[in-house]
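Reviewing the structure listed below.
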There are 2 protein chains.
Amino acid sequence: MRVTIKEVATEAQVSIATVSRVINDKGYISSKTRNRVNNAMRKLNYKPNIAARKLHGKQSKTIGIIIPTLNNPLFSELFDDIEKHLNTYEYQTLLCTTNNSLEKEKQCFELLKSNQVEGIITSSHTDFLDNHTFDGYPVVSFDRITSNRIPVVKSDNLNGGRIIAKRILEMNKSYVLILSGTKDGFYKNDERIKGMLSIFRASDISIGKAAISFASPTNRKLALIEQILSGKKYDAICCTDDVTALLVNLVCTDMNYHPLVTGYDGSKSVRTLFPNLITVKQPIDQMAKLMCDILIKRIQYPYFISKDEYSFPATLIN
Amino acid sequence: MRVTIKEVATEAQVSIATVSRVINDKGYISSKTRNRVNNAMRKLNYKPNIAARKLHGKQSKTIGIIIPTLNNPLFSELFDDIEKHLNTYEYQTLLCTTNNSLEKEKQCFELLKSNQVEGIITSSHTDFLDNHTFDGYPVVSFDRITSNRIPVVKSDNLNGGRIIAKRILEMNKSYVLILSGTKDGFYKNDERIKGMLSIFRASDISIGKAAISFASPTNRKLALIEQILSGKKYDAICCTDDVTALLVNLVCTDMNYHPLVTGYDGSKSVRTLFPNLITVKQPIDQMAKLMCDILIKRIQYPYFISKDEYSFPATLIN
DNA sequence: CTGAAAGCGCTAACAC
DNA sequence: GTGTTAGCGCTTTCAG
């Protein structure tokens, strides 16, 4: 068995309450005892049992993270940034992936609650989060619309769409396909698409639309894309995310068909590995930081009222 | 507060012990009471408090995962596969990233222990894991050498290196650079390099060697690579991992310099996004599955003795 | 400033 | 078959 607070107390010749106090830096303790306890902890290599701490319902010092998948650089970077930032608050992280299934998402939520997280950062729908399910947990959402007063940290998708569309016009394209990386028409994609349309409609470009399902395995996606592109009639294809854009590029190369393909998200690894991709960058690191800050603030000051929405600028790459 | 076992007991008109029994499916219970309890749980939407369960030291039903970074498709896929597979055992996962720092790795280990994980899957060094630190926890390691009887699941790096080298010879290259993606010369890279050398040395090819540090930020890596390649004297560059190979390709393109560049790892996303990359594939999914199976077996049967090493074949891509 | 003791939600003897 | 009860390791009143 691991060393417990009791043994530390014995070693330091104090009560467990005192040990607890120095661990949590609460209440007044003479610096003598504090030192004695610290030495004992070091000597015995004591590590608090987080489960026991969680049992009190407070101070679990862990935040739950819900993301669709790590196999998308947007989300793996997001997670990375979130984790790094939470660590500076001495919070740890419990990760759940949903693969965009509503079912799994509910399970994630339950799992996180079962694990007594103090708050949740979600980049999934959360639409279903009625006040019952969500039980007063502090929650912040990444880039998704949510109903009931869950703050959303997003970037300006409407403008992002406009930026891309303008870029397309600059390049004198005349038949563009808007390809959504998700069939279910999430808010964020809608906004991006709305932005694109607002520009395209004011020009004399013709527009096609299509969507592929986010959760499909890659092979399936490639097949779908090939089918969609089989007519080869577009001279530009605007995707609502980078991964879709990269897959489209693959298929096009195979077909020896070379339209202009644009992406969206602009994660670091996509930008370095595909430096020529025209895309829109969301400031992932800043968004991650803000989400953490809001959440921690909300946890520490339960009456802290956040804004409903925080929006970051979206910037054109290439 | 969330609903507890007590309230379920009251609702079902039984004792908490009975409720606990039906939750854990232990001991004999009449099917009547079982039903009553199940109904009560459903009605109240009861979810067990995992922290409380962990407090008993057993059945935390969580496994700790230590990986260097998620910003490498090898590891994000590995994690994904591990998580999926552990879920089938009804285990959850606690993820720690080390960015290959030994310091952070030790912290991860402590963190996981603090969280009462039942076992650990690590893809980091683990060399430092003396029997003290590691405290009898079941541990299995991904592709790294470990000292003391921690089973290692790896793929045949020696042969992988040979395969790549043979491929290079087939293409009549005559001056190759072996570029290690890590400066510290981990075992696995050594083996890969050893394999390459065993083939190259038997031919009349000239060989250069270089290494860049795994933990560097991408920009730094690019700069290092540029420096290494500034002589432009190689007609083939064999990297010990795919990410390094991709970065090399980027730099080469910039320099308008076109040697053959090979990678190693062959994760799914690299294979789909860079279908022409010559690389060696490790069967990540199978390795993940095996690691989970070994670990769970070891947890369930403490006297289960695993082999010291499980090796999977490495296969050439392209 | 420090200690005693109650209790967090749950499991596991041990009774009946 | 089911209930009683003693903890698991820790935090937190409440006394002193």
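Every chain is numbered from 1 and lettered A, B, ... according to where its sequence line falls, protein lines coming before strand lines.
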**Request:** Verify whether one side chain among B:T98 and B:E105 offers a donor that lies under 3.5 Å from an acceptor in the other.
**Result:**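 Result is no, nothing qualifies.
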**Message:** Assess, by modelled atom type and distance only, whether the side chains of A:E77 and A:S269 contain a donor and an acceptor separated by less than 3.5 Å.
**Reply:**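 The criterion, which ignores hydrogens and geometry beyond distance, is satisfied for A:S269 and A:E77.
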Less than 4.0 angstrom between a side-chain N/O of [X] and OP1 or OP2 of [N], yes or no?
| X | N | value |
| --- | --- | --- |
| B:R53 | C:dC10 | no |
| A:K26 | D:dT12 | yes |
| A:N24 | D:dT11 | yes |
| A:S15 | C:dG3 | yes |
| B:T18 | D:dG3 | yes |
| B:S20 | C:dT11 | yes |

Out of [options], which nucleotide sits closest to the side chain of [X]?
| X | options | value |
| --- | --- | --- |
| A:Y28 | D:dT2, C:dC1, D:dC8 | C:dC1 |
| B:Y46 | C:dC10, D:dG3, D:dG9 | C:dC10 |
| B:I5 | C:dA4, C:dG9, D:dT12 | C:dG9 |
| B:R21 | D:dC10, C:dA4, C:dA13 | C:dA13 |

**Request:** Before accepting this row, confirm whether a basic side-chain N of the pair B:D285/B:K289 lies closer than 4.0 Å to the acidic partner's carboxylate O.
**Result:**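 No, no charged N to carboxylate O under 4.0 Å.
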**Prompt:** Does B:K84 pair with B:D80 as a salt bridge, N-O distance under 4.0 Å?
**Reply:**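 Salt bridge between B:K84 and B:D80, a charged N being under 4.0 Å from a carboxylate O: yes.
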Length of the line joining [X]:[atom1] and [N]:[atom2], which is rounded to integer Å:
| X | N | atom1 | atom2 | value |
| --- | --- | --- | --- | --- |
| A:I16 | C:dA4 | CD1 | C1' | 9 Å |
| A:Q116 | D:dG9 | CD | C1' | 15 Å |
| A:I50 | D:dC8 | CD1 | C1' | 16 Å |
| A:N49 | C:dC10 | CG | P | 16 Å |
| B:K6 | D:dG3 | NZ | P | 15 Å |
| B:L55 | D:dA6 | CG | P | 17 Å |
| A:N115 | C:dC10 | CG | C1' | 14 Å |

**Contact list for DNA chain C against residues 29-39 of chain A - heavy-atom distance below 4.0 Å** =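 The stretch gives A:I29, A:S30, A:T33 as the residues lying under 4.0 Å from the strand, ordered by number.
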**Asked** What is the minimum heavy-atom distance between B:P151 and B:K307, and which atoms define it?
**Response**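 Taking B:P151 first and B:K307 second, the nearest heavy atoms are CB-O, 3.4 Å.
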**Message:** Give me the stems containing DNA chain D, sorted by first residue, counting only three or more consecutive Watson-Crick or G-U pairs with both distances under 3.5 Å; say none if there aren't any.
**Reply:**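 Output for stems: C:1-16 with D:1-16.
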**Distance (rounded to the nearest 0.5 Å) between B:H85 NE2 and B:I121 CD1** =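 Between B:H85 NE2 and B:I121 CD1, I get 9.5 Å after rounding to 0.5 Å.
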Among residues at least two apart in sequence or on other chains, which ones pass side-chain contact (heavy atoms from CB on, under 4.5 Å) with [X]?
| X | answer |
| --- | --- |
| A:K43 | A:E11 |
| A:I16 | A:I5, A:K6, A:A9 |
| B:E103 | B:S101, B:Q107 |
| B:Q286 | B:P283, B:F312 |

**Request:** Tell me what A:V14 touches on the nucleic acid: a base, only sugar-phosphate, or nothing, going by heavy atoms under 4.0 Å.
**Result:**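 Sugar-phosphate, backbone atoms only, no base.
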